2 protein chains.
Amino acid sequence: MYCEAMARTRDPAVRRLLLERAAQMLRTRQPVTLRTLVAGTGVSTMAVYTYFGGMDGLWKALRQEGFTRLATRLAAVKRSADPVRDLAALGAAYLANALENPDLYRVMFDAGFDLEDTGAADETLHRLVQVIERAKAEGRFHDEVDPLELATQSWAIGHGLASLVATGPLPHQALAHGAPMLTALFTGAGDEPARCRRSVEHGWGRAAPARPTSHDRKGAP
Amino acid sequence: MYCEAMARTRDPAVRRLLLERAAQMLRTRQPVTLRTLVAGTGVSTMAVYTYFGGMDGLWKALRQEGFTRLATRLAAVKRSADPVRDLAALGAAYLANALENPDLYRVMFDAGFDLEDTGAADETLHRLVQVIERAKAEGRFHDEVDPLELATQSWAIGHGLASLVATGPLPHQALAHGAPMLTALFTGAGDEPARCRRSVEHGWGRAAPARPTSHDRKGAP
DNA sequence: TCACAATACATAGCATCGCTATGCTTTGAT
DNA sequence: ATCAAAGCATAGCGATGCTATGTATTGTGA
């Protein structure tokens, strides 16, 4: 009685198609616009509204896609016997992901509109928190270290480097600063300096830094 | 013979007017567009083209304005007897500036188009390098510390925090992470831990953190 | 002092942007 | 089988940045 007749169901494939195409256009530096997005796909401009509610919704979904890819990348980092080494590996993976899709990374944070899906970022942080707690349990860090705070600080370091490199001011080589910075941070948290440096450098080497692509900008949001 | 007649000179006041108005609109979250920018100023849309060559030129000029304000803010940090304290004060000033005009800060780095005026950023870095060299000369840092590298790392920390707070993921309180992070970095560079912490916290207190404004987004570039 | 040319400035128009209004088509529950 | 609800396609709207064209202004060389 309340709902007398249901209607045509929307095809999830269309949504994925648009999202992947948008990410692809972002990656190839093509301006992502409503009409250019649907051009050649066979679907009409209205699809963007039925599936995303407009371009803003598409950007939000794209940002979430970015967080999803990041989470996948971080999940691929295998746990080792050394939690500090794992922390460094996570940091390296974070930077590698950011520099492999710099435009998507920009969308994730440069956003001019609010981000409501704070859960995505929180989940990423949680991964760090867990490893930090493991390091604490093994006595690598002081007892008074707050895992969430240390995780946030690690994040700030990673994001600072990633952002400065992705937006231009620093060259790709600057990513190498990540290792000494994390070493300083973890040493400050209580880890023994020499051991910390070895752990971080081991973990850091697990992820390739970046591609030396020549970068020309064009039509970012 | 080569230049037979010169013409009407352009008024620098118009350029400054447009630039200040753009910064003001950015600050009040009004969408900065070609027509809204010149509306009410008496000048026509063409002025944007004669003075900036288009909207892209205006954004570039705005970004340089952002760097100029930052440089002014940093120049206001008085030199004390303690270089590490001065470093922390510079970091705090950097964050304070970023959070006082978050939208301008975004324009400075989020830019979708290349930044050619790397000199502006370099000049900011140079200020840090000088103080770090002073700290080295006073024996606070190891001899093998590269001032430019340490300055870059300090910048990455400041930018990471500023960016994460300015774009939303972290709350304003997160700026407080700056002090412990810089302490860890400088301790890693050779400073004696307890003394470093005192220096950083003293320097950090010299600059107010930020305004607790409720933030709603609207029409960023 | 005068006249000219180069430049600033004002207006109008263009292509494109995101979005909405309007039908038509499809679909699934009754 | 029916029919309402939702997907979908098209056309058009206001607004965007930009360019083309014409006018006004002003510094300079004569």
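Note on naming: letters A, B, ... go to the chains in the order of the sequence lines (proteins, then strands), and numbering restarts at 1 for each one. The figures that follow rest on heavy atoms only: side chains count, while hydrogens, waters and symmetry mates do not. These numbers were taken from a predicted model, which means no experiment stands behind them.
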Q.
Please report the distance, rounded to the nearest Å, between CZ in B:Phe52 and P in D:dT19.
A. 17 Å
**Q.** Nearest-angstrom distance from the residue atom CZ of B:Arg10 to C1' of D:dT25
**A.** 15 Å
Enumerate, atom names and distances included, each donor-acceptor pair closer than 3.5 Å involving a side-chain atom of residues 154-163 of chain B, sequence neighbours excluded.
residue	atom	partner	partner atom	Å
B:Ser154	OG	B:Leu150	O	2.9
B:Trp155	NE1	B:Tyr94	OH	3.0
B:His159	ND1	B:Tyr105	OH	2.6
B:His159	NE2	A:Ser163	OG	2.8
B:Ser163	OG	A:His159	NE2	2.8

Q: Please list, by residue number, the residues of residues 39-49 of chain A whose heavy atoms come closer than 4.0 Å to an atom of DNA chain C; answer none if no residue qualifies.
A: A:Met46, A:Tyr49
**Q.** salt bridge (Lys or Arg N to Asp or Glu O under 4.0 Å) partners of A:Glu123, counting only residues at least two apart
**A.** none
Q | By side chain to side chain donor-acceptor pair (under 3.5 Å) - contacts of B:Thr28 (at least two apart) | A | B:Gln30
Q: Just grab all the side-chain hydrogen bond (donor to acceptor under 3.5 Å, both in side chains) pairs involving residues 14-25 of chain A, residues at least two apart or on different chains.
A: none
Q: In whole angstrom, give the distance that lies between atom CG of B:Asp56 and atom C1' of D:dG17.
A: 10 Å
Q: Send over the distance from B:Leu17 CG to C:dA8 P, rounded to a whole Å.
A: 17 Å
Restricting both atoms to N or O, compile the protein contacts to nucleotides 15-17 of chain C shorter than 3.5 Å, with distance only.
residue	atom	partner	partner atom	Å
C:dC17	O5'	A:Thr33	OG1	3.3
C:dC17	O3'	A:Thr33	OG1	3.0

Q: May I have the distance from B:Leu58 (atom CG) to D:dT16 (atom P), rounded to whole angstrom?
A: 15 Å
(Q) Rounded to whole Å, please give me the gap between CG in B:Leu37 and P in D:dT16. (A) 11 Å
Q | Residue pair A:Leu34 / A:Thr45: nearest heavy atoms and the distance that separates them | A | CD1-O, 3.9 Å
**Q.** Gap separating the CG atom of B:Leu164 from the OG1 atom of A:Thr152, nearest 0.5 angstrom
**A.** 9.0 Å
Q: For B:Arg69, enumerate each residue passing the side chain to side chain donor-acceptor pair (under 3.5 Å) test, keeping only those at least two apart in sequence or located in another chain.
A: B:Glu65
Listing, residues 128-135 of chain B side-chain donor-acceptor contacts under 3.5 Å, not counting sequence neighbours, or none:
residue	atom	partner	partner atom	Å
B:Arg134	NH1	B:Ser80	O	3.3
B:Arg134	NH2	B:Asp86	OD2	2.6

Q | Pairwise 5' ranking along DNA chain D for B:Gly54 and A:Tyr51, keeping only the more 5' one | A | A:Tyr51
Q) B:Leu18 has an atom CG; how far is it from atom P of D:dG17, in whole Å? A) 13 Å
Q: Just jot down the side chain to side chain contact (heavy atoms under 4.5 Å, CB included) partners of A:Ala174, sequence neighbours excluded, or say none.
A: A:Val165, A:Leu170, A:Pro171, A:His177
Q. Atom CG of B:Asp11 and atom P of C:dT7: how far apart are they, to the nearest Å?
A. 18 Å
